[in-house]
Amino acid sequence: MLEVRKLCKSFGGLQVTRNVSFVLEPGERRVILGPNGAGKTTLFNQLVGTLTPSSGDILVQGRSVMGLSVSARAREGLSRSYQKNNLFEDLSVRENLMLAAAAGQGKARSIWRDSFRDAEVRETVREVAQQVALTDMLDMPVRSASYGSRRQLEVGLALATRPRILLMDEPTSGVGPTMIESFHRLLHSLPRELTVLIIEHDMDLAFDVADRITVLNFGEVVFEGTPDETRGNKVVRDIYLGDWQANA
Ligand SMILES: Nc1ncnc2c1ncn2[C@@H]1O[C@H](COP(=O)(O)OP(=O)(O)OP(=O)(O)O)[C@@H](O)[C@H]1O
Ligand SMILES: [Mg+2]
């Protein structure tokens, strides 16, 4: 479904992605773990298309997406939510979701005129709002929504485009324990055929939702395996020693 081949990226003399390769099967839940500065967001940006790799290849369903823009990749089914909020502040939760749903259905050209009446768009908004637990907040302006709700909306925007592959960069960064718990539920409630790649700091989330875990350190894949294999791995333990003790 998603294949990354020997991806490399340097900023000047600093190599931040080193020969990164992995393959995601359709419907797989993959978590990419790594400490601060490991190169996770840099990798994410190359997948999304906001950053051009120095070398290597990225394939979606066997076809290279290297030359494609962010929106062209989205049309190939690759959708994402960011580590930082990227929302229309003055619009309501519903309007934000509508714009994403309309864009996902190729109706972007006449968004304002038709989206509010478009049955398919409205149905998508209703479904997604339920998935990300924002049904009660649909008419709230984004600017008055809590940080946690905004993070849920971020995921909702990505889902509203009806992606085949959902990419998320630290979806739980900065949110409290209750939100994290509801986020775990959200991930478990996603359609099983959706392929999901999550970049995370939080090992609990990785162990809870991942089919496989890839560990990045200094831009390099140092480990890949199931959650159980990851738990028992010495390299991973050394990298994460502090967190592991804290979580024990
Ligand atoms: N545009 C840039 N120019 C130069 N160096 C950069 C640039 N973007 C990132 N870096 C460097 O690349 C390395 C990896 O950064 P990146 O943001 O990908 O890490 P990360 O794993 O996402 O970290 P975090 O867990 O803090 O989000 C860091 O050393 C960072 O300083
Ligand atoms: Mg990051």
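Positions are given from 1, in the same order as the sequence printed here.
- Taking the charged nitrogens against the carboxylate oxygens, E120 and R162 have no contact shorter than 4.0 Å, which rules out a salt bridge.
- Cluster annotation: V70 is connected to L78 through the hydrophobic network of ILVMFWY side chains, with a link wherever side-chain heavy atoms come within less than 4.5 Å.
- The distance from the NZ atom of K234 to the CD1 atom of I239 is 10.5 Å, given to the nearest 0.5 Å.
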For a side chain to side chain donor-acceptor pair (under 3.5 Å) check, start with the C-alpha distance between S189 and Q131, then their side-chain angles and the critical distance, and finish with the verdict.
CA-CA 7 Å; S189 76; Q131 275 182 311; 5.1 Å; no
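- Formation of a donor-acceptor pair under 3.5 Å by the K9 side chain with backbone atoms of T42 is not found in this model.
- Nearest heavy-atom pair, Q15 versus S10, reported as atom, atom and distance to 0.1 Å: CG-OG, 3.4 Å.
- Salt-bridge annotation for E25 and R30: absent, with no side-chain N of the basic residue lying under 4.0 Å from a carboxylate O of the acidic one.
- Side chain of D211 to main chain of R29: a donor-acceptor pair is present (N/O by atom type, distance under 3.5 Å, no hydrogens or angles).
- Ion pair R63/E3 not flagged as a salt bridge, since none of the NZ, NE, NH1 or NH2 atoms sits closer than 4.0 Å to an Asp/Glu carboxylate oxygen.
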Criterion salt bridge (Lys or Arg N to Asp or Glu O under 4.0 Å) on R151 and E170, from CA distance to verdict:
CA-CA 10 Å; R151 304 264 23 193; E170 298 207 26; over 6 Å; no
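- A continuous path of ILVMFWY side-chain contacts below 4.5 Å connects F44 to V4, so both sit in one hydrophobic cluster.
- Hydrophobic clustering (side-chain heavy atoms under 4.5 Å, transitive across Ile, Leu, Val, Met, Phe, Trp, Tyr) keeps I32 apart from L59.
- Rounding to the nearest 0.5 Å gives a distance of 5.5 Å between CG of L167 and CG of L197.
- Remark: the backbone N or O of K6 is paired with a side-chain donor or acceptor of S21 at under 3.5 angstrom.
- Going from atom CZ of R237 over to atom OG1 of T230 covers 11.5 Å, rounded to the nearest 0.5 Å.
- Between A100 and L157, the shortest heavy-atom contact is CB-O, 3.5 Å.
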Give the intermediate values and the outcome of side-chain contact (heavy atoms from CB on, under 4.5 Å) for residues L153 and L97.
CA-CA 8 Å; L153 179 55; L97 286 172; 3.7 Å; yes
What's the verdict on side-chain contact (heavy atoms from CB on, under 4.5 Å) for V155 and M168, showing C-alpha distance, side-chain angles and the deciding distance?
CA-CA 8 Å; V155 178; M168 291 183 265; 4.0 Å; yes
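- With hydrogens and angles ignored, the 3.5 Å screen pairs a side-chain donor or acceptor of R73 with a backbone N or O of L47.
- Judged purely by atom type and a 3.5 angstrom limit, T195 uses its side chain to pair as donor or acceptor with the backbone of G27.
- Here D139 pairs with R94 in a salt bridge; the nearest charged N to carboxylate O distance falls below 4.0 Å.
- Across T226 and E229, no two heavy atoms sit closer than the pair N-OE1, 2.9 Å.
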Determine, stepwise, if the pair D57 / S64 fulfils side-chain contact (heavy atoms from CB on, under 4.5 Å).
CA-CA 7 Å; D57 206 353; S64 176; 2.7 Å; yes
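- Under 3.5 Å, the side chains of T17 and Q46 contain a donor-acceptor pair of N or O atoms.
- For the pair R18 and F218, the NZ or CZ position fails the cation-pi test of under 6.0 Å to the six-membered ring centre and within 45 degrees of the ring normal.
- Ion pairing of E123 with R126 is present here, as a side-chain N (NZ or NE/NH1/NH2) and a carboxylate O approach within less than 4.0 Å.
- By the rule that hydrophobic residues join a cluster once side-chain heavy atoms approach within less than 4.5 Å of another member, L24 and I199 end up as members of one cluster.
- Side chains of H184 and D204: no donor on one and acceptor on the other come within 3.5 Å.
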Full working for side-chain contact (heavy atoms from CB on, under 4.5 Å) between E95 and F88
CA-CA 9 Å; E95 288 162 337; F88 293 108; over 6 Å; no
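- Hydrophobic clustering of Ile, Leu, Val, Met, Phe, Trp and Tyr side chains at less than 4.5 Å, counting indirect connections, keeps L51 apart from V48.
- Comment: R212 does not engage D228 in a salt bridge, judged by the lack of any side-chain N to carboxylate O separation of less than 4.0 angstrom.
- N19 has its side chain out of reach of L7: every pair of non-hydrogen atoms, C-beta onward, lies at least 4.5 Å apart.
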